[in-house]
Amino acid sequence: MTRPDDDRVVVTGIGLVCALGTDPDQVFTRILDGEFAAREWPDLVADGFPITVANRVEDAGEYGRRPARRGRALTVHAVGNAIADAGLGAAHLKNAGVYVGSTMGESAGFEAAAAYSATDLDDATADTFAAEIAREFGTNGTLRTYGTACAAGNYAIGSAARAIASGRIDVAIAGGVDAFSRIAMLGFARVRAMSPDRCRPFDRNRRGMQLGEGAAFLVLERERSATRRGARRRAVIGSLGLSGDAHHPTAPRPDGSGSATALRSALRATGVRANEIGWINAHGTGTAASDAAESAAVATVFGDRTGPPVSSLKGAFGHCMGAAAAVEAAMTVLALERHVIPPTVGVLDVDDQLPIDVVVEPRPAPDLRWALNCGNAFGGLNSALLIGAAS
Amino acid sequence: MNQPTTLTDDVIDVLRVEVRNVKATLPPDTATDALLMTDLGLDSLDVVEFVARVEEVYRISVSDEDWQQLTTLQQIAHYVRTHR
Amino acid sequence: MTSGGLEHHVANAATETDASTWFADELGALNWRPDGLYVATSTAGRLESVEFWRAAAETGFAFANPRLFPWTLANSPTGSIAKALEVRGPTYTLVGRADALVGAFDHASDDLARELVFSAAVVAVDVADDRTPSLAAVLLTSPVLACQLGIMVEDLEGRGRPSDLLSHVLARARSAAVERRSLHSGNV
């Protein structure tokens, strides 16, 4: 099932905005250094939120000028950077497909509507980001918006890669976005899924997730086109594995069987064997149930405690919701380029009940060729995207 | 001497109403020592909703540490009584 | 309801109702057991988002009721429908209008062609501003038919909601199938 080399789907550009920064290389280095963005926010304290620690993009008003357009501002910044990184010109952009993942849409728009100010709900609904990209960057091709919550970024990137692989398009802009959502900040706290202090994935004392925000977009191309353009190939995108739990609106199947199916599906569709996977960039939200289920899934597919090393990056920049899998895919590309597996920032005392090898310090990986980027959404939607080294 | 009992009974009455607001199929005289999840069949989302309703009715906040220890109506009633 | 091998269902709730359970109940009653689920929606939990926030302002954040929160996330209808139909394979939520429905058909067709699934339910759900939900759904086993239906949606060139577009397309497919059958039976 592996294709001839020049028919592969490659990443030629990356752009992102998250609480740890806007330069992907710098963000990756910060993660290697164990930095984390979570802090208390005075406005959340003043407004009486039950939990007031979050990972928000510090901005001097560039994204905050019009709150109901924050997601679009983040999107335009990230996409602009990705396009510049890829050196993509107007001619290629014209026919590019646009694939976006988002969970909440423009959350501030819905928050305003609740206060009865005149808000166009269509303007705030999640498909607004793809339309903005098309408008801002002059694309005339396919627009797709995936509302698959924590997995949406994987859906967008995986689907874009599939469209290129099947010959329908040559170039795609694919990724995810979610601006900081007060609705999510309150909602996750009230369903008791949120940690009051730090997010510690796979830790014995993990207390829940932490909210983030951001936008991350990749430029994907057919390798042949990229070579013709003289573009730098940063990574290869393999197949997307998907499955459903059909279990509960918020809790995963405890045995991880749903997410195991997604892992296996990604491997099979790409034609890569389990023992070729050098790293799993986990969903790893830091909740008791989700970390346990995900670990069970990894053990099922890769062997009890004998599988590839596993990290979660959500302790570094929070759970970026619709952007999460996309930001994490970008970090996966960097890990493959720099041959180092980033640590699970936030973990202090690994839960030894979990049958996985949790990475706690940066781990050199000179032979890293394939990694799995995982995202599991509320409603039991599981995704695993295979990403590989370009050379 | 009777007052504490009356207080608990009032609270139990309220809790029985609120738990039926969460899961309408429960009987009006739910046993006070029945386990919310195992015996009454509440799922994790039902339980956090029930705790939220109790918080709102009594204007108390159940901390993230405490809520998971409250597994029966009896325990919740005791919590309410000692935190009002 | 079958027509030329096309099993489908269209429904509108008569009154304002709890869309979240209504979608799952309507589809659960059909006895479909698709391998994959492809949902298109223009409303994606937005009314629930507004309502959750409005109610939270009333109670105060400290006492906000979490019940509606999971339904503010765009893929919650998909999750509950997947549970009602017992779907363990791929599930998609596309947000938007015609583009979302075309996307759902694209993915269904692609997955059927690759034999990732052998049966695919394409479901369009929307909730009007007055909270009345509507849905249209079709069960497909042929990637070609999935592709054709997607093309029919594209040809409509409208700004309609997925559930309206899908109802329209299914009605046309049904009358085309009936026409073909009467031609074959020599009734012309």
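Quick note on labels: first sequence line is chain A, next is B, and so on, each numbered from 1.
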Query raised in the report: For C:Ala64, is it the side chain, the backbone, both or neither that has a heavy atom under 4.5 Å from a heavy atom of chain A?
Result: both
Query raised in the report: Taking atom CG of A:Asp127 and atom CZ of C:Arg97, what is their separation to the nearest 0.5 Å?
Result: 8.0 Å
**Report entry** Sequence-distant partners of A:Asp255, side-chain hydrogen bond (donor to acceptor under 3.5 Å, both in side chains), two or more places apart
**Finding:** A:Ser257
Query raised in the report: Which of the residues C:Pro70, C:Ala82, C:Gly89 is involved in the greatest number of heavy-atom pairs with chain A at under 4.5 angstrom?
Result: C:Gly89
Report summary line: dist A:Thr142:OG1 -> C:Asp106:CG (nearest 0.5 Å) comes out at 7.5 Å
Query raised in the report: Would you say C:Tyr92 and A:Ser159 make side-chain contact, with heavy atoms under 4.5 Å?
Result: yes
Query - Structural part of C:Val87 lying under 4.5 Å from a heavy atom of chain A - result: backbone
Report task. Could you grab the distance from atom NE2 of A:His247 to atom CD of C:Glu86, nearest 0.5 Å is fine? Result -> 13.5 Å
Requested in this report: Please identify each residue that fulfils salt bridge (Lys or Arg N to Asp or Glu O under 4.0 Å) with C:Glu115, with sequence neighbours left out.
Outcome: none
Query raised in the report: With only heavy atoms counted, which part of C:Ser49 is less than 4.5 Å from chain A, the side chain, the backbone, both or neither?
Result: both
**Report entry** Rounded distance [0.5 Å steps], CD in C:Glu48 versus CD1 in A:Ile183
**Finding:** 11.0 Å
Query raised in the report: Which atoms of A:Phe49 come close to chain C, meaning under 4.5 Å heavy atom to heavy atom: side chain ones, backbone ones, both, or neither?
Result: both
**Report entry** Check ion pair C:Asp111-A:Arg162 (N to O, under 4.0 angstrom)
**Finding:** no
Query raised in the report: So what's closer than 4.5 Å to chain A heavy atoms on C:Val39: side chain, backbone, both or neither?
Result: neither
**Report entry** Engaged part of C:Ser42 at the chain A interface, taking heavy atoms whose separation is under 4.5 Å
**Finding:** backbone
Query raised in the report: Among A:Asp245, A:Leu143, A:Thr103, A:Leu121, which has the most heavy-atom pairs under 4.5 Å with chain C?
Result: A:Leu121
Query raised in the report: Is chain C contacted by the side chain of A:Thr250, its backbone, both, or neither, given a heavy-atom distance below 4.5 Å?
Result: side chain
Requested in this report: Select one option (side chain, backbone, both, neither) describing which atoms of C:Phe69 are under 4.5 Å from chain A's heavy atoms.
Outcome: side chain
Report task. Examine C:His107 together with A:Tyr146 and report whether their ring centres are nearer than 6.0 Å. Result -> yes
Query raised in the report: Where the side chain of A:Arg144 meets the backbone of C:Leu94, is there a donor-acceptor pair that is under 3.5 Å apart?
Result: no
Report task. Examine A:Phe110 together with C:Phe52 and report whether their ring centres are nearer than 6.0 Å. Result -> no
**Report entry** Check: A:Phe378 main-chain N/O paired with C:Asn75 side-chain donor or acceptor under 3.5 Å
**Finding:** yes
Requested in this report: Could you tell me which portion of A:Arg168 (side chain, backbone, both or neither) has an atom closer than 4.5 angstrom to a non-hydrogen atom of chain C?
Outcome: side chain
Query raised in the report: Hey, what do you get for CG (A:Asp122) to OG1 (C:Thr43), rounding to the nearest 0.5 Å?
Result: 10.0 Å
Report task. Report the option among C:Asp99, C:Leu68, C:Ile81, C:Leu116 that has the most heavy-atom pairs separated by less than 4.5 Å from atoms of chain A. Result -> C:Asp99
Report summary line: Per-residue tally against chain A (heavy atom, under 4.5 Å) across C:Gly79, C:Ser80, C:Ala84, C:Pro66 peaks at C:Pro66
Query raised in the report: chain A heavy atoms under 4.5 Å from C:Thr91: which part of the residue, side chain, backbone, both or neither?
Result: both
Query - Top of C:Thr41, C:Val102, C:Val50 for chain A proximity - count of heavy-atom pairs under 4.5 angstrom - result: C:Val50
**Report entry** Polar side-chain atom of A:Arg190 near backbone of C:Asn65 as donor-acceptor pair, under 3.5 Å
**Finding:** no
Query raised in the report: Is the backbone N or O of A:Thr125 less than 3.5 Å from a side-chain atom of C:Arg46, with the two atoms forming a donor-acceptor pair by type?
Result: no
**Report entry** Side-chain donor/acceptor of C:Arg114 to backbone N/O of A:Ala269, under 3.5 Å
**Finding:** no
Report task. Under 4.5 Å, counting heavy-atom pairs only, tell me which of C:Thr78, C:Leu47, C:Leu73 racks up the most with chain A. Result -> C:Leu73
